[in-house]
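See structure below.
Side chains are part of it too, since the values below use all heavy atoms of this structure and drop only hydrogens, waters and symmetry mates. Here is how names work: the chains are called A, B, and so on, in the same order as the sequence lines, proteins then strands, and each is numbered from 1.
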2 protein chains.
Amino acid sequence: MARIKEVAKWAGVSVASVSRVLAGHAGVSEVTRQRVLEAVKALDYRPDLAARRLRSRRTDTIGLIVSDIRNPFFTEISRAVEDVAYQHQMRVILGNADENPEKEALYLDLMRDENVTGVILSPTLPTLAGFRADDYPFPIVLVDRCERETVADAVVLDNVDAAYRLTAHLIEQGHRRNLFFYGTTSATGRQRQEGYTAAMAAHGLEAQVEAVLATVDAARAAATARLNDRPLPDALIASSGLILLGLTEALQEAGLRFPGSIALAGFDDMPWTRLVEPGITVIAQPTYDLGQAAIELLLQRIAQPEKARRRVVLRGELRERGSSAKRGV
Amino acid sequence: MARIKEVAKWAGVSVASVSRVLAGHAGVSEVTRQRVLEAVKALDYRPDLAARRLRSRRTDTIGLIVSDIRNPFFTEISRAVEDVAYQHQMRVILGNADENPEKEALYLDLMRDENVTGVILSPTLPTLAGFRADDYPFPIVLVDRCERETVADAVVLDNVDAAYRLTAHLIEQGHRRNLFFYGTTSATGRQRQEGYTAAMAAHGLEAQVEAVLATVDAARAAATARLNDRPLPDALIASSGLILLGLTEALQEAGLRFPGSIALAGFDDMPWTRLVEPGITVIAQPTYDLGQAAIELLLQRIAQPEKARRRVVLRGELRERGSSAKRGV
DNA sequence: AGGCTTGATGTAAACGATTACAAATTATTT
DNA sequence: AAATAATTTGTAATCGTTTACATCAAGCCT
């Protein structure tokens, strides 16, 4: 394996010149530049990243901490982050925190050990409480989950608005007794619940909410329990994709068809929401865009550490499908 | 930020002793061990990973190269790999090669630059052709895709067997004219096609196969075209989750119900295969186990480079659902 | 008691790059 | 043509560890 020393010797220049050429620094003549490039090619030289990182104190690595990569929402975000990162010759280290604040802290620690250039984080509520980006030795961009106050750069959906529109749509379709299921561990659940409640109130309807763990199983169990209510709710609303899956399973197990027996709607457009007949009405999140925006915001923050905090808010898209069809009178 | 030097001074020992204690090396007395540990805690010392990696020439990092993390199959594999890796204090670098051999080569190059300890790779067919693990400066474990010859450590499904069983099941249910869709870019498609063909032949039936790009869109388009055939096939079989999704969409768009108009079955059990009524019959792959086996195999290979090559073969599980129900005579 | 292991510790040389600084060369100005 | 500025190059220090090797003390054996 060739080292910078040998490249320098081959090209008949000093190691400094080689380093300068490879770093793209100015102040090196065209003739040596060419000679160095030739030597690099001839020897198939690859700079040793460990050495570079040690001396330069830059790792060109960013950390991505999410709850679970298997959640399609985060899968897509991770893909976006990786795409952009690699375009900028940066690496990504992923952490699955499983909605567990301790694991989040653990991974943040690990990111410190790795001396990452920056972190993208989708925090649980406990971590978010009292969170200050300044407490960390690297820039942090929050994604998906963030309280109102601008305590860190963030990229989020307009959750209140999206939930409002989804709920209003159901009401317009004649569904009045709508039961809202939301996850307890993330800030989005709360915000979406707010939007739901506001929409209900705006139409003079009483809000009914059910807080559950943000997992498929918990949602299914909670829904199954509520399906014994009489009269049945007009509609179930899920504040996330995992919960929507749980509700759908519960309805199917209970033998309830939608929208005939009960209407259904929720967040996140997944492959199957179109497929489950007659299609499930959802708010589609611009997931890839969220991830892309997050890393681009992070890269900007890295380039300009003193710039004012920013908060990017994206809008969800209502996709009307059969599951919310008009209620017969 | 504390350095090893300061820890040594605080503890009243040499840097060598500190290093030895932290590396867990033998030959250090209990009293200095304790003193060093105390100092580490007091100064909140974290060894600099770049320096460590430079000097020790070990990165404790493994590379994972798959086609697309958004394919649930690989999402799950990646989660398994990361879980085990972190348990062993190792990092994971992910590469999405998008079924593109050039990108695969690019990521393999990148892994070399990163001086990774090992790589887990799910190669395309072109990369697999003439692939030799020995050509790389790190151990490689193939996952999911691998030709017969043992040219590298590998963890795969028994694809021929699984496809055979799936096809045989359909035939037993009375479906005789079964059309098999498989992806052209991966070795699994071929192997599954073999199993399918063998099962058809064993029952005196003629195989009918359709090779498509392994994407949802390509599968949907190909299926839509074939749905004009008269008479219709008795059943469609998909050789992968993405293709199965495409077929399902095509059937739904064509207004064909299964198993009434046509039966359906395929590979990969996904959240929605249960949900799309009356449920889709699939071969469930032990995805997490595949990933886990792959990294464990890799770790063993790293520990014992000279050990004989190994090939782990896992078995798929047939999950019978409504979509393959008995055909009325 | 003196030589010989054994075990614990310290010293200093790596690892392979980047980069501050000095030196050398060339171009520009007066 | 000398003085000055600008550009290009090289030397050597440095990043923070690990680890080969030397050293030293203590225990054991004859």
- Scan B:R53 against the nucleic acid and name what it touches under 4.0 Å (heavy atoms): base, sugar-phosphate only, or nothing. nothing
- Message: Hydrogens and angles aside, do A:E99 and A:T124 bring a side-chain donor and acceptor to less than 3.5 Å of each other?
- Response: no
- Query: Given the rule in the side chain to side chain donor-acceptor pair (under 3.5 Å) test, do B:Q304 and B:Q300 qualify, once you have shown the distances and angles that lead to the verdict?
  - Reply: CA-CA 6 Å; B:Q304 310 179 17; B:Q300 285 172 27; over 6 Å; no
- Message: Tell me whether the side-chain N/O atoms of A:S17 come closer than 4.0 Å to OP1 or OP2 in D:dT8.
- Response: no
- Item | Residues B:R79, A:D68: salt bridge by 4.0 Å N-O rule | yes
- Message: Tell me whether B:R309 is salt-bridged to B:D134, with the criterion being a basic N under 4.0 Å from an acidic carboxylate O.
- Response: yes
- Message: Rounded to whole Å, how long is the line connecting atom CG of A:L49 with atom C1' of C:dT18?
- Response: 14 Å
- To the nearest angstrom, the CG-P distance between B:N115 and C:dG16 comes to 10 Å
- Item | Protein-nucleotide distance (B:L22, atom CG; C:dT9, atom P), rounded to Å | 15 Å
- Looking at B:K9 and B:E6, does any basic side-chain N land under 4.0 Å from a carboxylate oxygen? no
- Short side-chain donor-acceptor distance under 3.5 Å, B:T75 and B:S78: no
- Taking only Lys NZ, Arg NE, NH1 and NH2, and the carboxylate oxygens of Asp or Glu, determine whether B:D98 and B:R70 approach each other closer than 4.0 Å. no
- Query: Side-chain N or O of A:S29 less than 4.0 angstrom from OP1 or OP2 on D:dT9?
  - Reply: yes
- Between A:H25 (NE2) and C:dT18 (P), how many Å, whole number? 9 Å
- Figure out the CZ/P separation between B:R33 and C:dA8, and round it to whole Å. 12 Å
- Query: Does anything in residues 57-86 of chain B pair up under ring-ring contact (aromatic ring centres under 6.0 Å, His included), and if so which pairs, sequence neighbours excluded?
  - Reply: A:Y107-B:Y86
- Interface with DNA chain D, restricted to residues 34-44 of chain B and to heavy atoms under 4.0 Å: none
- Could you pull out the closest heavy-atom pair between B:N96 and B:I69, with the gap in Å? ND2-N, 2.8 Å
- Query: On DNA chain C, nearest-nucleotide positions of A:R20 versus B:V28: which is more 5'?
  - Reply: B:V28
Mind listing the N/O atom pairs, protein and nucleotides 14-17 of chain D, below 3.5 Å?
from: D:dT14; atom 1: O2; to: A:R55; atom 2: NH1; distance (Å): 2.7
from: D:dG16; atom 1: OP1; to: B:R3; atom 2: NE; distance (Å): 3.0
from: D:dG16; atom 1: OP1; to: B:R3; atom 2: NH2; distance (Å): 3.1
from: D:dT17; atom 1: OP1; to: B:Y45; atom 2: OH; distance (Å): 3.1
from: D:dT17; atom 1: OP1; to: B:D48; atom 2: N; distance (Å): 3.3
from: D:dT17; atom 1: OP2; to: B:I4; atom 2: N; distance (Å): 2.9
from: D:dT17; atom 1: O5'; to: B:Y45; atom 2: OH; distance (Å): 2.9

